[in-house]
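Contents: one structure, followed by commentary.
Naming: A, B, ... by sequence-line order, numbering from 1 per chain. Since the model is a prediction, treat every value here as computed from it, not as a measurement.
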Amino acid sequence: MPLTDDAPLLSLAGFSKSFAGFVALDRVDFTLRAGEIHALLGENGAGKSTLIKTMTGVVTRDAGTMRLQGAEIAPRSAEEAVKAGIATVYQEVNLAPNLSVAQNLFLGRQPTWFGLVREREMRRRAAALLTEFGLAIDVGAPLESYSVAIQHIVAIARAVDQSARVLILDEPTASLDAHEVEVLFAVLRQLKARGIGIVFVTHFLDQVYAVCDRITVLRNGRLAGTAPIADLPRLDLVRLMLGRELSEATAKRPPHVEGAARAAVATFAAFGKEGQVAPFDLTLRAGHVVGLAGLLGSGRTETVRLVFGAEKADCGTAEVDGRRVAIGSPREAMRLRFGYCPEERKTEGIVADLTVRENIVLALQAQRGALAPLPRREQDEIAARFIRLLDIRPPDPERPIGLLSGGNQQKALLARWLATSPRLLILDEPTRGIDVGAHAEIIALIRSLCAEGMALLVVSSELEEIVTYADEVIVLRDRAHVARLTGNAVDVPAILAAIADAPAAPAAAHA
Amino acid sequence: MIRSLARLMPVLATTAVFLAGFLVCSLVYPNFASMRVVMNLMTDNAFLGIVAVGMTFVIISGGIDLSVGSVIGFTTVFLALAIERWGVPPLLAFVLILVICAGFGACMGAVIQYFELPAFIVTLAGMFLARGVSFLLSTESIPINAELYAHLSDHAIRFGSGARLTVPAIIMLAVVIGGMVLLHLTRFGANVYALGGSRAATALMGINVPRTTVLIYTLSSVLAGLSGIVFSLYTSSGYSLSAVGVELDAIAAVVIGGTLLSGGYGFVFGSFVGVLIQGLIQTYISFDGSLSSWWAKIATGLLLFAFIAFQQITLHLARRPARRSGRPSPPPPAAIAQGVVRP
Amino acid sequence: MGLRLPRVGTAQIGALALILAANWVVSPQFFDIRLQDGRLFGSLIDVLNRGAPVALLSLGMVLVIAMRGIDLSVGAVMAISGAIAASLADSHSLPVVLAAALGAGLLCGLWNGFLVAVLGIQPIVATLILMVAGRGIAQLITEGRIVTFTSPDLAFLGGGSVLGVPTPIVLALAMLALTLAVVRGTALGLMIEASGGNPRASALAGIGTKLITLAVYVWSGLCAALAGIVAAADILGADANNAGLWLELDAILAVVIGGTSLFGGRFSIILAVVGALIIQAMNTGILLSGLPPETNLVVKAVVVLAVLLAQSPRLGTHLAGLGVLLGLRKA
Amino acid sequence: AELTVGFSQIGSESGWRAAETTVSKAEAKKRNINFKIADAQQKQENQIKAIRSFIAQGVDAIFLAPVVSTGWDSVLKEAKEAKIPVVLLDRDIDPAGKELYLTAVTSDSVHEGKVAGEWLVKTVGTKPCNVVELQGTVGASVATNRKKGFEDGIAGHANVKIVRSQTGDFTRAKGKEVMESFIKAEGGGKNICAVYAHNDDMMVGAIQAMKEAGLKPGTDVLTVSIDAVPDIFKAMAAGEANATVELTPNMAGPAFDAVIAYKDKGTVPPKWIQTESKLYTQADNPKAVYEAKKDLGY
Ligand SMILES: Nc1ncnc2c1ncn2[C@@H]1O[C@H](COP(=O)(O)OP(=O)(O)OP(=O)(O)O)[C@@H](O)[C@H]1O
Ligand SMILES: Nc1ncnc2c1ncn2[C@@H]1O[C@H](COP(=O)(O)OP(=O)(O)OP(=O)(O)O)[C@@H](O)[C@H]1O
Ligand SMILES: [Mg+2]
Ligand SMILES: [Mg+2]
């Protein structure tokens, strides 16, 4: 299915890059036309982010040429790329957390008056820009006071506002919920109409089919194929990405177990913290998955942080095995054999300098205490086991985790907690940034953990996903638990209805 | 706006601590609360205030500059030699030394940037180098007798009863104000903060990080040079051992002023107050005068501790955890109204 | 932040070898070693012997820095413990003297750790307090004079030898072995690297970061106290005014030359000690060279820069770098 | 009325300095003077601050032990405007500032070095003699002067020459370390005939280094240093040191007397009250001097 590119806006030829012998990109060609949205797809570690970074000069490529509107360009830094008209949102939020939202949006191009930044004007423009994305926030507040999702929207807004000819988005939707995604797509369509070429990386195939015009697939650093959307139905696409068939285990869900039949692992009553989340009741049972659903900032992360003691509750009680316990810190929670895989991978999850092995054994080691070091053999075994189980790539336990692709980092974090064999595992957005293949594997993993009797508390923005494994879904709105759906009541429309407006909200919260 | 107030908290706390300290001193020593003491505080700490402004930029950007003390020393020696031995007119000598300092700072910044070396060590080498070169120039102290120096050191705005706002103090105040404008109101200032927040992200945002880094160290060295000029005015001489250890005083002032050493947060004004706090501690000790050398050191340490602890407490009380989200917070839910038992 | 693959230390060891070779050039008898009164004697032994205090300091400092901290007070702690040791030496038995001096170091470490871990004060100011006040405390103990002692037991720690090896070297080696055992023999090393690399993530993974913070400052205090004892034993007296003066900078320099980042995370204890030896080899070389003292600092600056540049991850592209410096092209 | 005197002391960098402070306090007490000391920690800026604050406090007289010779004009002018007499202790300032102070009670550090040099020349006679020199802190005026004085003292005697000269920062530890490398660089010490140290503390360290290298200080190697602190007398008594030039720690006594006479009777003292630079050798009963000095606060 070769295509005739009569007037490519941007064309790359023979892009190669290897890191210390590891080939991340191998002679990749890529073309982007004006006014198209081009999906760049592939498994975790396929080389998507690397292709983007070599394009913008953030990473120097080993070989390859690049033409923008026919003229050869070779940006050597993000700055030069921006000057050439290529704006990019990189995979991790890359903004200055300490600066205000407005400064982040306009850094380097603030409106000035005789060299002085016009703060008011900048804020006004920032607010206007964010309104396009449906965001009405205080643009004077530091960026870090907002959730990753909002930070991501800010990063997107900045790039969109900067993009003269090309806009590159590396997994922009990973932390967004359905509503934000719709807003983003509306903006992208406008840009497309203005003739801007857009590169879009995602692991959500629905989104690909919703907005994209063409698809390029990378596999193991090589170009696997390029095709218009119409020529590449979903199954073919998945086969192209994985290089094999996807086992069809995802669709059906085993029958729900009646909650009360299972033994309660932990019970929280009127648990809460002022300013974070209103007091809630929550019971977690062995072999039972509780899902938390809600919009951005609805208080899901706060809820699980309270449960894990990362934040101290100021009211309510917690019981584990029928005994009253105080969960004042993660250490205490771990003593109760809780585990917590946080949402903010970069700042709260990985220790970038340490190797994959060290990152995986970290929690287990902390649980054992400093004086009982895990023998190196045991560490190697654990690392090898989880690298195999979760298919972490490259399968090198001695590589600093910061050098792994985003999705593989996420898997290593999951491994960190699985290694502690917790009774209660809390997962905050566990499938964020994970490719289709691995996605299915993680869901299967959640199910099998559950079958082995582990209690799970899962936060996820993907409702279709949550209903496939959750036995119970709690819906949050405005930092309060507003509805509880159990058994067969767990389905997407019901959750959506509850998120939008639960008819009997307060009553449902403490069912 | 409450949020901007929260950002200003460290500075406000520092200022409150300084005022409280001044009040206590005034109650203890009758002569303390005078214009003269206040003006002395300005004059005597002028050179420190000037380098502290430069240091604020460096620290906010996530770096550090240990060379400033030596650069001051070098500047005084250079000026003394240039004016007294080589017959360079003072004003030309000032320009020359500022250019030399700018070059020196730019080199350090370039080495830090292009060789990816830690600022701490590069500027430590810079510290050795600047001090070493001043030894090579002259190990003796050289008086400066130029007309301009006599004129400038006599020139002052007088307030009566011996209180004088001297030229060094005026220069420092100008630098503080200029620094505030540059840091808080220009693109360059925003870039400095961004660098401190995340160097990698700043580069990805399309900011010219190398240029900004080089400029930051250039600025710091130029201000150290200016501080050296002020120091030479203050002492009318050049001496290779002058301003030893000033870098630590400057860093301490900046950090006491509420700037985070890890970068990204801080205010020029805070550093200014930090300088005043250090001056206040010294003035207190010399007003007391009964302390032996060692008790003076212990008292300095304890007062430093008291100021910092007080500042920490103030911050703690003022900074109630307030997490924000894109949507308004809920009204207090019924459960709280009903009164929930605390765990 | 640039992530690097594990360091092997070739740059540091190469730098040390180069400096030793340079010393040999300026002083041909540099590698001569003979036995003098049953004690090894020679310039190379001087490098090790004089380097011992900074090496001891760097053993504590490297852990503190790996935890994203810094300890400016080590010089002052040296002065305190030296003052205590020297004042007690002639009236008490060695164990009492050591216990008192090391105990003081421990208390100093606790104080620093308390300020950093519990009160949350930034390490540089927190330890600055003790840097200023500590020297005052030391002078208070000696009342500003040089307190001399005659106790041969304490003197042995500075001037004695074990199997011909000067005691300071033996002590530094023993302390190195102990530190390695405590840190690398347990999971403490991993926990320090994790906490220094990402404190928030580590706390969430259940690591007691506060306790570890406290512990590394205590360790730094202990190492500094031992260094202070050695320094006092060496000159048979406690010079509270000058003992350990500015040595904190040398210790930090040693740690950084040893490849540990001031932003915390990965650290190497052995390379920190190599760093200390590099500094001392350079100092000894300057003394042997016969250059006038006015040039000491310039030589030091040039050597430090050279050692650092040799380690720079960008040395490979240094030509391009030079091009940039000359403004030939923009990076 | 009771006088209040403020003293801007340099610091407490050495035993001698500590003794000067102690003796000054004792002298003040003797005369019932309210004595305020500000320690400048070797920094001129701190001394200027201290003087300013003394002026602000309205003291009756200011003593200043200047850390450097230059840079005092404007602050001393302020003192003069406030009609507070200033007395320099221990070190002099640049001659241009002569009318700004009442008197200077100092020794002559060039002269001290010269006394040491002349002693050495006299002692070695016509024998060739290689001298190693332990300098004070680089840039410190005392170090520069004592070096110069010593060079003056040995000038014209070609048999005596300085072969190595390094800074020992005025401290024992550095004195020892530097001496160790001198010994190694000079053929195990065989080529060294004499050591000259800018202060006794460095010499005490150097003596230790020589002993550890198997040399006999005082016999194999001559020593001469300056200050006359108690510990050097101990070494002289043991035959390990040969000579020292005294720098008296009692500078404040004459200064108080001058100030009191000036205040009470308006007597203007001479511009320079020079203290004696007495040479002590092993012949001067070092043991007795040690006993006399050991409680003076060195
Ligand atoms: N700086 C680096 N050093 C070494 N290896 C690297 C570096 N950057 C990336 N890699 C490797 O290159 C491969 C491609 O990574 P890349 O981030 O491009 O994947 P990706 O397709 O974006 O994956 P994901 O969907 O998980 O984000 C990965 O195996 C990664 O480990
Ligand atoms: N440790 C923390 N300190 C300060 N603020 C925090 C912390 N953790 C989270 N927040 C902030 O709290 C706010 C609400 O949390 P958050 O948005 O994560 O809730 P959520 O319901 O989990 O939504 P989502 O996970 O979809 O973003 C966010 O602005 C977030 O940045
Ligand atoms: Mg990626
Ligand atoms: Mg969340």
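With a 4.5 Å cut-off on non-hydrogen atoms, C:Ala194 touches chain A through its backbone and its side chain both. The contact between A:Gln365 and chain C is made by backbone and side chain atoms together, counting heavy-atom distances below 4.5 Å. With a threshold of 4.5 angstrom between heavy atoms, A:Leu413 does not approach chain C through any atom at all. For A:Arg368, no part sits under 4.5 Å from any heavy atom of chain C, backbone or side chain.
Taking A:Arg335, A:Glu332, A:Glu358 one by one and counting their heavy-atom pairs under 4.5 Å with chain C, the maximum is reached by A:Glu358. For the set A:Ile350, A:Leu354, A:Leu364, A:Thr420, the count of heavy-atom pairs under 4.5 angstrom toward chain C peaks at A:Leu354. Most heavy-atom pairs under 4.5 Å with chain A, from the set C:Ser195, C:Gly206, C:Gly208: that is C:Gly206.
A:Arg385 has no carboxylate O lying under 4.0 Å from a charged side-chain N of A:Glu381, or vice versa, which leaves the two without a salt bridge. Using a 4.0 Å cut-off between charged nitrogen and carboxylate oxygen, A:Glu343 and A:Arg432 count as a salt-bridge pair.
Using a 4.5 Å heavy-atom cutoff, the side chains of A:Val356 and A:Asp396 are not in contact. The shortest distance between side-chain heavy atoms of C:Leu110 and C:Tyr217 does not fall below 4.5 Å.
In this pair, A:Phe308 and A:Tyr340 present their aromatic rings tilted. The plane angle is within the 30 to 60° band.
C:Thr260 contributes no side-chain N or O that, together with a main-chain N or O of C:Val256, makes up a donor-acceptor pair within less than 3.5 Å.
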